[in-house]
> 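Submitted below is the structure of interest, expressed as structure tokens.
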Protein chains: 2
Amino acid sequence: MTAVKENSTIQENKQYALEQCPVTYVMEKIGGYWKPIILYHLSSGAKRYSEVKRAIPAITEKVLIQQLKQLQTDNLLIREAKPVVPPHVTYKLSQSGERLMPVIAAMATWAINEQESDLSKFEE
Amino acid sequence: MTAVKENSTIQENKQYALEQCPVTYVMEKIGGYWKPIILYHLSSGAKRYSEVKRAIPAITEKVLIQQLKQLQTDNLLIREAKPVVPPHVTYKLSQSGERLMPVIAAMATWAINEQESDLSKFEE
DNA sequence: ACAAGTACTTACCCTTTAGTATGTATTATG
DNA sequence: CATAATACATACTAAAGGGTAAGTACTTGT
């Protein structure tokens, strides 16, 4: 498990900024490159670990499990393990994670629009 | 200017994933901790460099200017400098940046709801 | 006996991002 | 002549995140 240190400026930012800036709160939970991508792929329903891996081939197993754990810790998704061999583990969105879907959906919408209008580069 | 290297797995991910996963496209542009926070503070209108700094006290000047430059490069905001002394520089959202506001707004909404329901931690 | 499959773990290293501290140009002001 | 103010730049360091490679446990299939 990767240790989390609590002494950077970002950490200090948490203390006061959460009341000041709601976006800061979001960045604590889904900041970073992979987390929104993982959440996006779980938006269509629960997936096994290996299914998530296949959905995002570029992610390494170490980083995937690391991000999944952090998302669990932040109560954005739920891990369910069946005690069988070979292991059967699924990940699904928690209620909190489900409530994030408007954010992910807004991202997807923006991305699709931008990629279209990427032709007209010198807007404004 | 911070150089950008193009050889990580994340970079490879860009090649194919942009067509597969729209969220990846978004993460290229606003991934990281500070960018959405900066965009949030510019959503209420153009601000001078020093105003942005005051709005986000925890960010260092180096990181702020670095993120502002990257956001410019990605055409999310526009820098306007008046050739006066002392300098007068404002930053504002581009049209592309404006179109991102639904994402930022969705984040803010989620954050506010979550902080309220943070009391009931063991949901589901 | 051995390979395969699942869901990981561990060790090590490299890149990116962030933080600290100091410096710069220009002009107005005391 | 020194100081202040703005919007940076630069050098160095530290922390976080990400990448590579290999290993583990357990059982089923060959």
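What you see is a predicted model; the values in this text were computed from it and never measured. Atom set for the values below is all heavy atoms of this structure, side chains included, hydrogens, waters and symmetry mates excluded.
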> Measure from the side-chain N and O atoms of B/Ser94 to the backbone N and O of B/Asn75, and report whether any donor-acceptor pair falls under 3.5 Å.
yes
> With sequence neighbours left out, write down each residue that passes side chain to side chain contact (heavy atoms under 4.5 Å, CB included) with B/Ala46, or none if nothing qualifies.
B/Lys92
> Quick one: which protein N/O atoms are closer than 3.5 Å to N/O atoms of nucleotides 26-30 of chain D? Pair and distance per line, please.
none

> Is there a side-chain contact between A/Thr90 and A/Lys47 (heavy atoms, below 4.5 Å)?
no
> At what distance, to the nearest 0.5 angstrom, does CD1 of B/Ile65 lie from CD of B/Gln70?
11.5 Å
> How close or far is atom P of C/dC8 from atom CD1 of A/Ile59, stated in whole angstroms?
14 Å
> When you measure from the side-chain N and O atoms of A/Lys69 to the phosphate of C/dT9, is any distance below 4.0 Å, counting only OP1 and OP2?
yes
> Quick test of your reading: applying ring-ring contact (aromatic ring centres under 6.0 Å, His included), list the pairs with at least one residue in residues 39-65 of chain A, sequence neighbours left out, ordered by first then second residue.
none
> Reckon B/Gln66 has a side-chain N or O less than 4.0 Å from the OP1 or OP2 of D/dA9?
no
> What is the distance, rounded to the nearest whole Å, between atom CD1 of A/Ile65 and atom P of C/dA7?
9 Å
> Enumerate the residues from residues 38-51 of chain B whose closest heavy atom to DNA chain D is under 4.0 Å, giving them by residue number; use none for an empty result.
B/Arg48, B/Tyr49, B/Ser50
> Among residues two or more places apart or on two chains, list those pairs meeting ring-ring contact (aromatic ring centres under 6.0 Å, His included) that have a residue in residues 76-110 of chain B.
A/Tyr25-B/Trp110
> Whole angstrom is fine here: how far is it from CH2 in B/Trp34 over to P in D/dG17?
13 Å
> On the nucleotide C/dT16, are OP1 or OP2 found under 4.0 Å from the side-chain N or O atoms that B/Tyr33 carries?
no
> In Å and rounded to the nearest 0.5 Å, what is the CD1 to CG distance from A/Ile78 to A/Leu42?
11.5 Å
> Just how far, in rounded Å, is P of C/dT17 from CE of A/Met27?
13 Å
> C/dT27 P sits how many Å from B/His88 NE2, rounded?
18 Å
> Both B/Leu68 and A/Gly32 contact DNA chain D. Which one's nearest nucleotide lies toward the 5' end?
B/Leu68
> How would you list, by chain and number, every residue that makes a side chain to side chain contact (heavy atoms under 4.5 Å, CB included) with B/Ser50, sequence neighbours excluded?
B/Arg48, B/Arg54
> Of the candidate nucleotides D/dA11, D/dC8, D/dG18, which contains the atom at the shortest distance from the side chain of B/Arg79?
D/dC8
> Output yes when B/Glu61 and B/Lys53 qualify as a salt bridge under the 4.0 Å nitrogen-oxygen rule, no when they do not.
no
> Just the rounded figure in Å: distance from P of D/dG17 to CD of A/Gln70.
6 Å
> Side-chain N or O of B/Lys35 less than 4.0 angstrom from OP1 or OP2 on C/dA18?
no
> What's the NZ-C1' distance between A/Lys82 and C/dT6, to the nearest Å?
14 Å
> Take atom CD of A/Glu61 and atom C1' of D/dG17, then tell me their distance rounded to the nearest Å.
18 Å
